Amino acid sequence: MDQKKGKSRIRGVIILVLLAVMLVSGAMSIHSWIEDKRTREEYERLAELARETTAQPSTEAVTEPGTEEPETEPYVSPINFEELMKENPDTIGWIRVPDTNIDYPIVQGEDNDFYLNHDFYGKENIAGAILRAREILWDAIMCCTAII
């Protein structure tokens, strides 16, 4: 009889431990889902803010008759960097790939580590932010830019 009580007690403890693991896992999954949702909404808001520019982008060259080289109008970015810089002065660019969901700001912090686990606003976020890595060697900076 004592042996049955011992096995029953062990089963009960195992069930309680498994239930606790299940509850903790569920809570962590819900927390992760909420954080992902907040991040998506934040980047969607930033994309809208970035599109609110008054000038239209111009990349076409104007050619005058009788001239050899076309006169080019100054490029006007479709991204409103003034508003983005008000939100975060570490903003250095924007990445957008047509026909995809890629439409995000690029930041550059004082070091290469901060934005790996912080969002655009500097809040802790496991997803981090899209950042341009700071390079130590000037030759490396001139040759390429790494976006992480």
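As the structure is a prediction and not an experimental result, all values here were calculated from the model.
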- [ ] Flag the pair Asp119 / Glu124 as yes when at least one side-chain heavy-atom distance between them is below 4.5 Å, and no otherwise.
- [x]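 SC-SC contact between Asp119 and Glu124 ruled out.
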TODO: Show your reasoning for whether side-chain contact (heavy atoms from CB on, under 4.5 Å) applies to Leu131 and Leu116.
DONE: CA-CA 8 Å; Leu131 64 108; Leu116 291 177; 3.9 Å; yes
With hydrophobic residues grouped by side-chain heavy-atom distances under 4.5 Å, do [X] and [Y] end up in a single group?
{"X": "Ile102", "Y": "Ile92", "answer": "yes"}
{"X": "Val97", "Y": "Val107", "answer": "yes"}
{"X": "Leu49", "Y": "Ile95", "answer": "yes"}
{"X": "Ile10", "Y": "Leu18", "answer": "yes"}
{"X": "Met28", "Y": "Val21", "answer": "no"}

What distance do [X] atom [atom1] and [Y] atom [atom2] have between them, rounded to the nearest 0.5 Å?
{"X": "Glu44", "Y": "Arg40", "atom1": "CD", "atom2": "CZ", "value": "7.5 Å"}
{"X": "Asn80", "Y": "Met85", "atom1": "CG", "atom2": "CE", "value": "11.5 Å"}
{"X": "His31", "Y": "Ile126", "atom1": "NE2", "atom2": "CD1", "value": "8.5 Å"}
{"X": "Ile30", "Y": "Ser25", "atom1": "CD1", "atom2": "OG", "value": "11.0 Å"}
{"X": "Asp103", "Y": "Arg96", "atom1": "CG", "atom2": "CZ", "value": "4.5 Å"}

- [ ] Evaluate side-chain contact (heavy atoms from CB on, under 4.5 Å) for Asn125 paired with Thr39, printing each intermediate quantity in order.
- [x] CA-CA 8 Å; Asn125 185 318; Thr39 301; 2.6 Å; yes
Could you pull out the closest heavy-atom pair between [X] and [Y], with the gap in Å?
{"X": "Gly128", "Y": "Tyr43", "answer": "O-OH, 3.7 Å"}
{"X": "Ala129", "Y": "Phe120", "answer": "CB-N, 4.1 Å"}
{"X": "Arg132", "Y": "Ile106", "answer": "N-CG2, 3.9 Å"}

Task: Any donor-acceptor N/O pair, His118 side chain to Phe114 backbone, under 3.5 Å - done: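 Confirmed, His118 side chain pairs with Phe114 backbone.
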Task: Carboxylate-amine/guanidinium contact Lys86 Glu83, below 4.0 Å - done: yes
Open item on the list: Please determine whether a side-chain nitrogen of the Lys or Arg among Arg38 and Glu42 lies less than 4.0 Å from a carboxylate oxygen of the Asp or Glu.
Closed with: yes
Open item on the list: What verdict does the side-chain contact (heavy atoms from CB on, under 4.5 Å) test give for Leu46 and Leu84, after you've listed the backbone C-alpha separation in whole Å, the side-chain angles of each residue and the deciding distance to 0.1 Å?
Closed with: CA-CA 8 Å; Leu46 281 171; Leu84 289 172; 3.9 Å; yes
Open item on the list: Apply side-chain contact (heavy atoms from CB on, under 4.5 Å) to residues Asp90 and Gln108 and explain how you reach the verdict.
Closed with: CA-CA 5 Å; Asp90 288 345; Gln108 182 176 27; 5.8 Å; no
Task: Asp111, CG: over 12 other non-hydrogen atoms inside 6.0 angstrom - done: yes
Open item on the list: I'd like to check the ring pair (Phe, Tyr, Trp, His ring centres under 6.0 Å) partners of Phe81; sequence neighbours left out, ordered by chain and number.
Closed with: none
